[in-house]
Engineer: 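Dumping the structure here so I can ask a few things about it.
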2 protein chains.
Amino acid sequence: MPSKALPPITMEAVYAAPGYLFRRMQQIAVSIFMEECKAFDLTPVQYAALIAIHTHPGIDATRLSAVIAFDRSTLGSVIERLQAKDLVERKPAPEDKRIKLLYLTKQGAVILRDIIPVVERAQARMLEPLKPAERKALMGLMTQLVDLNNEASRVPLRAEDALEHLGKAG
Amino acid sequence: MPSKALPPITMEAVYAAPGYLFRRMQQIAVSIFMEECKAFDLTPVQYAALIAIHTHPGIDATRLSAVIAFDRSTLGSVIERLQAKDLVERKPAPEDKRIKLLYLTKQGAVILRDIIPVVERAQARMLEPLKPAERKALMGLMTQLVDLNNEASRVPLRAEDALEHLGKAG
DNA sequence: TGTTGATTGACAGTATACTTACGATCTAGG
DNA sequence: CCTAGATCGTAAGTATACTGTCAATCAACA
């Protein structure tokens with residue numbers, strides 16, 4: 001019997017593929033974030049790190065990488081940049097010489113407070129072209145998909161598990 | 001009158017934000033792509049470049065960057081790597097000494113043909129956790145959103161406009 | 001107790017992704 | 001024709017994002 005005909009190779013197929021749409025949307029999201037937050041000189045990842053350190057003072061780099069779903073290797077340089085800007089400080093843990101604990105500086109807390117409404121505006125702008133009901137539907141589907149695909153990309157720990165040792169409930 | 005109370009700063013707010021979900025989904029998508037295509041040693045961007053060069057033989061780097069929504073600067077190194085793997089060749093354009101035209105090599109065409117079904121499987125895996133109707137809805141919304149946000153990130157030319165000089169209709 | 005095994009932060013290496021800038025070249029207006 | 005501006009590829013610089021590996025340290029078990 002004849003083999004099935006191969007579909008033609010077109011850019012249209014690429015443009016309709018999930019991978020392309022996710023990559024493109026990530027580009028757009030970063031671009032909007034950077035534009036809105038220009039005055040703060042903070043990247044999306046640096047922002048996420050500040051939030052997590054604020055929420056979990058005294059967290060170490062490995063657990064932070066789990067909380068913000070960010071590679072442990074790269075996180076080192078992110079922290080360095082936040083340290084260079086005096087937004088974050090690292091203190092050696094007395095009970096474990098391997099670990100360095102992370103804290104926001106006063107300046108870091110101030111910047112975080114000031115940038116939050118700006119980030120909210122950026123987040124809103126990303127979805128602005130859609131109607132309210134569509135925004136809600138999209139966020140629901142994305143939340144589901146990211147959650148169900150969680151193990152597909154290398155995140156060493158689930159965020160909740162990562163924080164058990166801190167004795168924090170939320 | 002009293003100022004509105006600030007919402008509390010939580011990681012939950014970050015996890016529900018569009019920017020976080022888009023970044024996370026992009027990580028997952030790349031991870032699934034790389035896992036499926038391990039044997040071919042091709043990245044998602046390299047794959048998109050091969051498709052575009054196949055679809056538009058003799059395209060130059062600047063137009064290619066518009067077609068695959070990829071930064072012009074970075075594309076240089078992507079092409080270098082494809083050239084090093086003998087998948088792509090560059091020929092100087094006789095009528096314009098600035099331009100180098102891009103073509104697939106025979107080996108590039110073979111790899112492209114072989115990798116396409118593997119990429120399809122990767123694309124399917126990204127959406128697998130969702131029900132068919134949900135997949136369709138998500139892709140519809142993402143297509144809309146990327147399309148309507150197109151100018152938000154710096155893509156120098158719309159893909160269609162970029163190709164006018166080639167005298168190609170599609 | 002003493003050594004195996006796991007964990008932590010750091011580093012090297014590769015590949016996006018973006019910003020500017022720059023020389024070579026082309027094109028259009030005068 | 002000839003110069004002002006645009007475009008081409010390239011490069012330098014910054015910041016993710018991932019793969020590995022490594023020494024120092026810790027924890028747990030024989």
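Just so it is clear, the model here is predicted, and its values are computed rather than measured. Chain naming here is simple, since letters A, B, ... match the order of the sequence lines and numbering starts at 1 in each.
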Engineer: What's the shortest heavy-atom distance between B:V146 and A:I28, and which atoms?
Structural biologist: O-CD1, 4.0 Å
Engineer: Of the nucleotides C:dT25, C:dA17, D:dA15, which has the atom closest to the B:D71 side chain?
Structural biologist: C:dA17
Engineer: Report, one line per pair, each donor and acceptor closer than 3.5 Å where one atom sits in a side chain of residues 115-124 of chain B; sequence neighbours left out.
Structural biologist:
residue : atom : partner : partner atom : Å
B:R121  : NE   : B:E36   : OE1          : 3.2
B:Q123  : OE1  : A:G19   : N            : 2.8

Engineer: Give one of base, sugar-phosphate or nothing for B:T43, where a contact means two heavy atoms less than 4.0 Å apart.
Structural biologist: sugar-phosphate
Engineer: Measure the distance from NZ on A:K38 to P on C:dT19 and round it to the nearest whole Å.
Structural biologist: 11 Å
Engineer: Between B:A48 and B:I68, what is the shortest heavy-atom contact and its length?
Structural biologist: O-CG2, 3.6 Å
Engineer: Closer to the 5' end of DNA chain D via nearest nucleotide, is it A:E95 or A:K85?
Structural biologist: A:K85
Engineer: Whole Å only: how far is the CZ atom of B:F33 from the P atom of D:dC18?
Structural biologist: 16 Å
Engineer: Rounded to the Å, how far apart are A:Q83 CD and C:dA10 C1'?
Structural biologist: 13 Å
Engineer: Can you find a heavy atom in the side chain of B:T43 that is under 4.5 Å from one in the side chain of B:V30?
Structural biologist: no
Engineer: Verify side-chain hydrogen bond (donor to acceptor under 3.5 Å, both in side chains) between A:N150 and B:R24, making sure each step is shown before the conclusion.
Structural biologist: CA-CA 9 Å; A:N150 202 31; B:R24 192 77 190 91; 3.1 Å; yes
Engineer: Tell me which nucleotide among D:dA17, C:dA17, D:dT16 gets nearest to the side chain of B:Q27.
Structural biologist: D:dA17
Engineer: What integer distance in Å separates B:Q26:CD from D:dT16:C1'?
Structural biologist: 11 Å
Engineer: Rounded to the nearest angstrom, tell me the gap between atom CG in B:L82 and atom P in C:dA15.
Structural biologist: 10 Å
Engineer: Please give, in whole Å, the distance from D:dC18 P to B:I28 CD1?
Structural biologist: 10 Å
Engineer: At under 4.0 Å between heavy atoms, how does the protein contact nucleotides 8-14 of chain D? Give one character per nucleotide, 5' to 3', with B, S or -.
Structural biologist: BBSB---
Engineer: Whole-Å distance between C:dT19 P and A:M34 CE?
Structural biologist: 9 Å
Engineer: Considering every strand and a 4.0 Å limit on heavy-atom distances, what is the contact class for B:V30: base, sugar-phosphate, or nothing?
Structural biologist: nothing
Engineer: Tell me which pairs pass side-chain hydrogen bond (donor to acceptor under 3.5 Å, both in side chains) where either residue lies in residues 74-94 of chain B, with sequence neighbours left out.
Structural biologist: B:Q46-B:K85, B:S77-B:R81
Engineer: When the distance from CZ of A:F70 to P of C:dT16 is rounded to whole Å, what number comes out?
Structural biologist: 17 Å
